[in-house]
Structure formats: C-alpha cells, structure tokens
Amino acid sequence: MTATTSLEHSNHSESRPSGYVGRFAPSPTGPLHFGSLLAALASYLDARAHNGRWLVRIENLDPPREDPQAADSILHILEAYGFDWDGDVRYQSDRNDAYEAVLQQLIASADSFPCVCSRKQLAGNEHLDGQCVAQPPAFDRHSIDLSIACAWRFKVAAEQQQPLCFDDRLQGRFCLTPSSDIGDFVIRRRDFLWSYQLAVITDDHDQGITHVVRGIDLIDSTQRQILMHRALGWPSPSYMHIPVAVERNGQKLSKQNLARALQADDSGNTLWTALDWLRQQPPESLRGAGNTAVLQWAVEHWQPDVLKGLQQLPAPEGFQRSGV
Ligand code: GLU
C-alpha cells in the first residue's frame with residue numbers, strides 16, 4: 001500500500017469530541033528529515049493530547065523549488081512512523097480558486113494593492129499609496145484583472161507603529177512593529193505564484209485550525225498572518241513555536257542544508273530519539289518498542305512546557321547533514 005493510495009484515513013472526530021484542530025503542513029522541497037519530524041511529532045502529540053483532530057497539508061505552492069517525489073515520500077514516512085492523520089491530505093496546488101477569492105476580498109477592502117516596486121524601493125518609501133501601484137487599467141479596484149503580471153502586496157497601514165504582540169505558548173510574548181519590522185509584503189508574486197502567507201491563512205481558516213504548532217523559524221511570519229486575519233475578520237489560532245534542531249555549525253537542519261532523509265525502517269527508535277530531543281524523557285524501556293507504543297506513551301505523557309523559552313538545540317548525532 002503506497003502513501004498515495006491510502007490517504008483515506010479514519011475520521012477521529014466522533015471519538016475525539018474536543019474542538020481542537022491542529023495540522024502538519026510540510027513544503028515538499030525534499031524528503032522528511034529529523035527537523036521536520038519534530039514539527040510533525042509536536043503538532044501530532046499536542047492535538048492528540050487535547051483529543052483533537054490532526055490534519056496533514058502539503059504546501060506545494062512553488063513548483064520550481066519542489067521535488068516531484070517529495071510529497072509522496074513525506075506521506076509514506078509519516079505513515080511508516082504511525083502518524084494517523086484525520087481526513088484526506090490537502091494539497092495547496094488544488095486551491096487556486098480559494099486563494100484568488102481571498103485576494104479579491106483583500107483588494108475590495110483596500111488591504112492589498114498591485115505593486116511594481118522592488119523590496120528595496122519600498123524600503124525607502126514611507127507612503128506607498130499611489131507610488132508603486134501598477135498603472136491603470138491594471139488597477140481599478142472595481143474591475144481587477146488578476147492575469148496581469150504584477151505582484152500584489154498586503155498593505156500594512158502606515159499608522160501601525162505600535163508593536164503587534166501575541167502570546168506564544170512556549171516563547172512567551174512576541175512582538176513586532178508592523179510598519180518598521182514588516183512593511184507591505186507580497187501575497188501573490190509577479191509570476192502568479194501564491195505566497196506562503198496568503199495560502200497558509202486561507203487554509204488554516206478553511207480547515208478550522210485552532211492550534212498552530214510549528215518551528216520557531218516561522219515565528220516572525222505570525223504577525224503577518226495575524227494582520228491578514230484581522231483584515232479578513234477571521235479569528236487567529238493559538239500559536240506554539242518549538243525550538244529548531246541545528247547542525248554542529250549552528251545552522252538549522254533543513255532540506256536546503258542536506259539534512260539526512262529519514263528512513264521507514266527503525267521508526268520506533270527514531271521516534272524515541274525525537275521525544276528525547278523534545279525533552280519528554282521517554283523511558284529506556286520504550287526504546288525499540290515500535291512506533292505505536294512510542295506514540296501512545298508520548299500522547300499520554302505530552303509536556304510541551306519543558307520546552308519553554310528554548311529556541312534551538314543540537315540535532316542528535318546521526319541526523320545531521322548527509323555525508324558529513
Ligand atoms: N510549509 C511550511 C514549511 O514547511 C510550514 C508552514 C506552517 O507550519 O505554517 O516550512
């Protein structure tokens with residue numbers, strides 16, 4: 001049974017009546033590695049420990065950066081590791097119409113504008129209104145032609161000079177000042193690709209995500225997402241940003257840095273190591289117990305608070321860069 005043919009996973013909502021909905025949302029730029037396993041595991045454990053649903057969404061928005069095999073290989077490894085997601089896997093490549101509808105809504109409310117300026121040009125401009133917009137007829141708010149090749153930016157109101165803060169479950173209060181730290185950011189690229197920011201808020205909202213658990217490398221995207229929620233009148237989910245695993249040289253373990261791909265065999269031991277890394281103190285007797293037993297123990301004993309304030313930790317030996 002391959003991952004692609006076995007996507008109809010059980011729906012746990014009847015047996016798990018809580019309102020919690022979490023998700024794991026990998027970008028298929030390469031196979032699953034130890035760093036992405038940590039995000040999958042922490043989001044899964046948090047959802048299941050709350051009797052919640054746990055969804056898997058493949059964020060395949062950027063074909064030039066993707067590996068065509070990666071989505072199937074990620075799902076195959078998740079399955080081999082015993083992660084039982086709820087419902088069908090969602091693919092962002094199927095969601096163009098939904099993203100377009102959200103962009104239209106943001107344009108109608110004057111929260112998005114078409115932009116021909118580079119990031120550098122924008123940095124020098126305090127008031128962008130009218131300066132960097134595409135020339136008419138490209139920009140008539142009431143008859144928008146999205147087939148014109150120009151970027152669309154989310155407009156961060158110039159008056160947003162006060163810090164925008166949220167309370168992260170692990171990292172505490174985290175603030176950025178929209179006008180100076182963020183600026184007007186791209187939500188649809190000039191080459192018609194959707195930005196991560198627009199796609200992620202659209203799908204989190206549409207899928208009813210109540211809790212986002214992901215790596216701390218994404219923490220400063222959160223204010224962008226909250227700004228968009230506010231513009232659209234949507235509630236923001238709760239956020240928990242876990243520390244990232246780093247190489248000996250301090251670089252984040254990532255596909256770009258050729259982190260070692262996880263293999264389907266020995267999943268129980270790798271899960272044990274991931275739990276140990278997440279400071280869950282799995283008992284020695286659980287080593288080699290098999291993934292079902294390890295995951296079950298981990299759900300019952302999930303204590304995310306032990307990670308409070310931690311931003312990075314060294315990846316265990318054996319999970320760092322391939323070939324090093
Ligand atoms: N697709 C993003 C990534 O793989 C994660 C998105 C999210 O969790 O918000 O880095």
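Quick caveat, the model's predicted, so the values are computed rather than measured. Each ligand, and each atom within it, is numbered from 1 in the order the structure gives. Position 1 is the first residue of the sequence; numbering continues from there.
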If we count only N and O atoms by modelled type, under 3.5 Å, do the side chains of R57 and Q207 hold a donor and an acceptor together? yes
Can you list the atoms of ligand 1 that are under 4.0 Å from a heavy atom of Y196? 6 (C), 7 (C), 9 (O)
Under a 4.0 angstrom heavy-atom cut-off, which atoms of ligand 1 come close to R23? 7 (C), 8 (O), 9 (O)
Under 4.0 Å between heavy atoms, the region of L218 that gets near ligand 1 turns out to be side chain
Going by atom types only, do H229 and S236 share a side-chain donor-acceptor pair under 3.5 Å? yes
Backbone, side chain, both or neither: what part of P26 comes under 4.0 angstrom of ligand 1, heavy atoms only? backbone
Check whether the side chains of Q197 and Q225 place a donor and an acceptor atom closer than 3.5 Å, and report yes or no. yes
Atoms of ligand 1, numbered as shown, that sit under 4.0 Å from any heavy atom of R214: 7 (C), 8 (O), 9 (O)
Can L193 be reached from V200 by stepping across I, L, V, M, F, W or Y side chains whose heavy atoms are under 4.5 Å apart? no
Could you check, using the six-membered ring where one of them is a Trp, whether W85 and F24 have ring centers closer than 6.0 angstrom? no
Which of the numbered atoms in ligand 1 are under 4.0 angstrom from any heavy atom belonging to V200? 9 (O)
Between CG of L164 and CZ of R224, what distance do you get to the nearest 0.5 Å? 11.0 Å
Give the numbers and elements of all ligand 1 atoms closer than 4.0 Å to a heavy atom of E59. 1 (N), 2 (C), 5 (C), 6 (C)
